[in-house]
Amino acid sequence: MMVVFIPLDIDYVDDKENKTWIRIFGRTKEGKRCCVLDSCEAFFYLIPKEGVDIKKYVEKVKKTEVKIANRIGKVKKIEIVKKNFVGKPITALKVFVTNHKDIIPIKDVVKNFKETKDKQETDINFVTRYIIEKGIKSLQWHEVKGKVIGKKELEQLGLEPLDSEVIIKAEKLTPINKFDFKPKFLAFDIEASEFEVGKGQIIMIAIANEKLKKVITWKRFSNAPPEVEFVKDEKELIEKFKEIIKEEKPDCLVGYFSDGFDLPYLRERANALKIKLDLGIDNSNITFIRGIVGSAKISGIVHIDLFKFIENIIAPTLQSETLTLDEVANELIGEQKLKIDLARLTKEFHKAKDSEIQKFCLYNLQDAVLTAKLFCKLWPNIAEITRLVNEPLWTCSRATYSSLVEHYIIHNINKFNEIIKHRPIHEEIQERRRKGKYTGAFVLQPKPGLYENIAMFDFRSLYPSIIISFNISPSTILEKPEKDCYETPEFEYDGKKVRFYFSKKQGFIPCLLKELIEKRKKVKEELKRKKDDPLLEARNYALKTLANATYGYYAFFGARWYCRECAASATAFGRYYIQKVIEEAKKAGFNVLYADTDSVAFELGNKSEAEALRWQKKINEKLPKDMELELEDFYKRGIFVTTRRKEIGAKKKYAMLAKDGSIKIRGFETVRRDWAKLTKELQDKVLRLVLEEGKPDKALTYVYKVIDDLKAKKIEKEKLIIRTQLKKEIESYAAITPHVVIARRMKKLGLPVKVGSIIEYIITEGKKGKGKELIREKAKLPEECEEKEYDTNYYIEHQIIPAVENIFEVFGITKEQIITRKRQKSLSEF
DNA sequence: ACATACCGGGG
DNA sequence: GTGTACGGTATGT
């Protein structure tokens with residue numbers, strides 16, 4: 001039997017004989033759900049010490065046996081192989097073991113043999129191993145030859161039954177020319193009565209895709225829109241949600257922050273109501289893989305948390321200042337969330353009017369619809385990253401760049417005959433951290449100010465082009481300079497003036513990087529012919545960003561091929577070239593405002609845009625062939641600000657007004673919940689006013705007004721609430737911060753507080769007549785705070801001033817002048 | 001100045 | 001074994 005199918009998810013399970021099976025879940029060309037069963041050898045490498053009698057060593061290793069539970073793990077066979085390890089030729093033993101699970105215990109025995117120098121590839125995930133060994137192409141079509149099996153055979157093997165129309169025991173798998181593929185998906189969103197997982201209950205769940213729009217709720221109301229379906233209670237709500245997933249059989253279940261909220265919340269509620277969350281194709285429960293924010297996995301259905309993908313992969317190219325669904329959807333698809341008073345509605349949904357609950361349902365539905373539309377928009381990006389990196393979709397859609405780079409190397413390393421380096425152990429990471437920083441990029445501190453007609457240029461892929469040009473890698477770095485080798489500029493490294501040297505014999509990482517760049521060139525050519533093709537655009541983006549991440553990878557503590565000298569060499573070259581560009585800009589008579597890493601901004605002054613472009617062309621003629629300076633944009637107006645403590649300009653803290661009227665804000669990060677709402681609104685307004693007006697007058701008047709309102713006690717206390725999360729047990733705090741004091745108070749009052757609670761408080765005037773009080777002594781629960789009890793001075797000094805101080809400093813207006821309203825210089829002087 | 005703790009996304 | 005993120009900022013000591 002031969003079937004054409006596309007792999008979507010891959011995992012592994014043990015049968016009753018303890019054989020480990022790979023399960024590839026996917027879709028056939030006819031659109032049927034299928035599962036391909038397969039397996040591959042499990043092995044790792046041993047590197048002997050020098051002078052060891054290899055044959056004797058092999059015999060010794062061969063005899064290794066370990067007892068695991070009720071069975072014995074053995075070495076099956078050993079091959080003596082010539083390999084490279086970080087570029088150096090070595091002889092190694094390729095040790096095949098009886099089962100993937102046996103690698104760790106067998107390695108633990110043989111690593112202690114006196115002949116053993118090192119062990120490698122003991123930490124390769126079995127799915128990754130399988131993909132490499134069988135040449136599987138993630139998310140591309142394959143032909144599978146094999147035997148179709150049924151329920152009975154699965155049972156005989158001791159494997160779980162599968163909700164899959166086609167199940168094949170693979171004999172041969174071949175990637176074939178691909179046709180297009182768009183997964184069947186369901187986007188979903190839950191609305192709950194509380195914000196914290198483990199508190200409250202689910203009120204409604206919305207689901208959406210291209211065809212389906214639905215809200216399920218147990219909260220009945222009249223005149224419900226047709227999308228709303230009522231159920232008896234929360235238990236039925238969850239059951240119904242499960243039922244829809246079982247019926248729809250999606251390839252992907254898509255949420256926004258669903259790793260961190262929706263699915264953990266659903267799990268808590270399912271536990272409380274004793275419902276099984278057996279959503280997997282094999283009826284397994286959702287599993288949560290631990291991490292700082294966990295990841296939720298469903299066997300055979302790829303759960304995608306769009307927030308993670310956007311945060312990790314897309315965010316650097318977004319203008320959005322925050323990554324809320326509202327803002328991201330607005331930027332990417334031009335649609336927003338419905339505006340409702342969510343805090344009130346969730347708290348008081350029991351007594352809410354029918355019309356309000358109806359709005360709530362529509363809000364819920366809109367969130368699911370936005371998630372669905374975002375998924376459609378970003379699918380090409382997710383798919384292309386996945387195809388490039390070749391790990392399963394579930395992994396690629398939530399991986400960080402460092403992990404993507406590493407997987408890309410691992411999946412392409414075979415052609416270099418390289419052994420994969422071990423992931424660093426805890427102590428190695430500590431050591432890397434201890435060594436710490438090296439000189440980074442060059443930053444020209446901006447002279448704080450408001451400027452008109454600004455040109456911004458940046459290097460195209462600065463670090464990749466440097467790494468390739470000078471062959472920078474852990475396998476090419478030389479201990480001593482050779483006759484013909486690359487040499488960095490001289491720079492300071494750990495307190496010494498140094499140069500590093502790299503062999504001209506191409507290293508495997510620069511080689512892979514060059515391939516990425518060349519693939520990208522081809523894609524760009526194709527893009528010229530097929531303009532705006534989303535798939536090609538996405539491939540271009542994947543290739544570009546993955547290449548750009550390689551420098552960061554060298555510097556990443558957790559990297560297998562970490563190389564601090566390589567990272568330091570790349571920045572040394574980077575500093576050299578950006579400084580050259582600055583020099584050239586000055587020579588051409590431009591007033592350089594700011595430069596950072598790979599970009600430079602200067603005033604056009606009395607010169608035209610065309611002249612700036614001619615200057616750029618001249619620069620490019622002088623640069624090495626792989627390096628290029630590109631135009632970022634021309635801006636109408638921009639403001640560079642000072643840091644609060646120093647007189648010098650802040651790195652990456654600026655706001656620009658583009659010619660189309662849009663505003664690009666960088667580095668103003670007050671949009672956080674530990675700032676009062678008043679502050680967040682104020683800062684945004686002030687930046688916009690300053691840029692649009694070209695002077696600070698209106699913005700200043702606005703600040704005065706807010707300060708006046710504060711003093712007149714006209715600000716509602718809602719806008720002054722500061723929110724901080726209790727991250728651990730109250731008793732375990734070493735530093736007693738305001739929110740800890742409030743948490744203690746809440747406990748005393750019998751209010752529910754526990755780890756994870758969001759503590760809300762307002763800073764009040766405190767006890768009169770007492771000397772200087774700590775902030776925590778003046779913190780009060782919002783409910784216990786009178787409407788006019790807030791500490792005007794605290795809010796001026798700790799909220800308003802910090803948020804706008806550096807903006808006004810640009811105009812020579814100091815903090816004191818904002819407070820006293822005495823302008824020492826007239827505005828016309830600026 | 002250094003240490004400790006929290007921010008993000010989500011209701 | 002699916003890695004315990006990460007860079008920045010406020011408050012306390």
Side-chain angles (χ1 to χ4, degrees), chain A residues 11-12 100-101 103-104 122-128 189-197 199-204 255-265 287-295 297 305-308 310-312 315 321-328 340 342-347 349 360 363-364 367 391-392 394-395 398-403 406-407 423-426 429 556-560 643-645 650-653 667 669-675 722-728 732-741 758-759 774-776 779 798-799 802:
Chain A
D11 68 5
Y12 59 94
H100 168 68
K101 289 189 305 265
I103 292 177
I104 300 290
T122 59
D123 61 352
I124 306 298
N125 183 286
F126 195 51
V127 170
T128 303
D189 180 54
I190 72 170
E191 304 297 331
S193 63
E194 293 278 349
F195 199 57
E196 291 161 44
V197 174
K199 266 190 176 182
Q201 56 190 325
I202 301 173
I203 304 168
M204 53 185 78
Y256 198 87
F257 204 63
S258 40
D259 270 343
F261 182 77
D262 301 69
L263 290 182
Y265 200 106
T287 48
F288 288 84
I289 284 126
R290 292 160 64 89
I292 289 292
V293 175
S295 303
K297 196 168 190 336
D305 182 346
L306 271 188
F307 167 73
K308 281 244 176 90
I310 290 170
E311 183 191 32
N312 290 333
E321 212 192 331
T322 67
L323 299 180
T324 56
L325 178 60
D326 191 46
E327 210 178 338
V328 170
I340 59 166
L342 195 60
R344 199 178 56 76
L345 256 183
T346 49
K347 242 180 238 169
F349 72 96
F360 197 10
Y363 168 89
N364 185 203
D367 277 6
E391 277 285 302
W394 186 86
T395 313
R398 42 174 65 59
T400 56
Y401 272 116
S402 58
S403 142
E406 190 152 281
H407 278 126
R423 212 183 271 136
I425 53 168
H426 185 68
I429 294 180
F556 171 54
F557 297 133
R560 289 172 191 260
T643 52
R644 224 168 307 130
R645 292 198 183 80
K651 287 183 191 181
K652 290 175 186 157
K653 202 159 182 174
E669 282 166 28
T670 51
V671 197
R672 296 154 52 133
R673 76 155 162 247
D674 56 344
W675 287 79
I722 298 164
R723 292 175 178 81
T724 312
Q725 192 175 31
L726 196 70
K727 298 288 272 193
K728 50 184 187 178
S732 64
Y733 276 87
I736 311 302
T737 48
H739 82 292
V740 177
V741 173
I758 308 289
I759 310 297
L774 287 170
I775 292 166
R776 66 174 176 223
H798 291 260
Q799 297 268 327

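In the text below, chain A, chain B and the rest are named by the order of the sequence lines, each starting its count at 1. No experiment lies behind these values; they were computed from the predicted model shown.
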Base, sugar-phosphate or nothing for A:Phe349? Non-hydrogen atoms, less than 4.0 Å. nothing
Checking B:dG10, C:dG12, B:dG11 against the side chain of A:Tyr256 (C-beta onward), the nearest is B:dG10
Starting at CD1 of A:Ile722 and ending at P of B:dC7, how long is that distance when rounded to a whole Å? 13 Å
Is there side-chain contact between A:Leu263 and A:Phe288, with heavy atoms separated by less than 4.5 Å? yes
Report the nucleotide, chosen from B:dG9, C:dT11, C:dT2, that has the shortest atom-to-atom distance to any side-chain atom of A:Ile775. C:dT11
Could you state the CZ-C1' distance from A:Phe557 to C:dT4, rounded to the nearest angstrom? 16 Å
Can you tell me how far C1' of B:dC7 sits from NE2 of A:His739, to the nearest Å? 12 Å
Take the protein atom CG of A:Asp259 and the nucleotide atom C1' of B:dG8, then report the distance between them rounded to whole Å. 15 Å
Heavy atoms under 4.0 Å, any strand shown: does A:Ser403 hit a base, just sugar-phosphate, or nothing? base
Closest heavy-atom pair, A:Phe349 versus A:Ser193, reported as atoms and distance to 0.1 Å, is CE2-CB, 3.5 Å
Residue A:Trp675, side-chain atoms from C-beta onward, closest of C:dT11, B:dG11, C:dA10: C:dA10
In whole Å, what is the span from the CG atom of A:Asn364 to the P atom of B:dG11? 9 Å
Straight-line distance of A:Lys347 NZ to A:Leu342 CG, nearest 0.5 Å: 11.0 Å
Closest to the A:Thr346 side chain: C:dG12, B:dG10, B:dG11? B:dG11
Quick one: on DNA chain C, does A:Asn125 or A:Thr737 contact a more 5' nucleotide (nearest heavy atom)? A:Asn125
Are any of A:Tyr733's side-chain N or O atoms less than 4.0 Å away from OP1 or OP2 of B:dC6? yes
Between A:His798 and C:dT11, is there a side-chain N or O to OP1/OP2 distance below 4.0 Å? yes
When rounded to whole Å, the CD1 to P distance for the pair A:Ile190 and B:dG9 reads 19 Å
A:Ala735, nearest nucleotide to its side chain (from B:dT4, B:dC7, C:dA10): B:dT4
Straight-line distance of A:Ile124 CD1 to A:Arg423 CZ, nearest 0.5 Å: 7.5 Å
From the set B:dG10, C:dG12, B:dC7, return the single nucleotide nearest to any side-chain atom of A:Arg776. C:dG12
Side-chain atoms of A:Ile736 come closest, of B:dC7, C:dT13, B:dG11, to C:dT13
Inter-nucleotide C1' distance (B:dG9, C:dT2), Å rounded: 22 Å
Please report, rounded to the nearest Å, how far the P atom of C:dT9 is from the CD atom of A:Gln725. 21 Å
Answer yes if the side chains of A:Glu191 and A:Thr346 hold a donor-acceptor pair under 3.5 Å, and no otherwise. no
Closest to the side chain of A:Leu342, out of C:dT2, C:dG12, B:dG11, is B:dG11
The side chain of A:Asp367 is closest to which nucleotide in this list: C:dT2, B:dG11, B:dG10? B:dG11
Categorize A:Asp189 for me: base, sugar-phosphate, or nothing, with a 4.0 angstrom heavy-atom threshold over every strand shown. sugar-phosphate
Near A:Lys199 NZ, under 6.0 Å, is it more than 12 heavy atoms from other residues, nucleotides or ligands? yes
Go through C:dG12, B:dC6, B:dG11 for me and flag the one nearest to the A:Phe261 side chain. B:dG11
Can you tell me how far C1' in C:dA5 sits from the matching atom in B:dC7, rounded to whole Å? 13 Å
Atom-to-atom span, CG of A:Leu325 to P of B:dG8 - whole angstrom: 16 Å
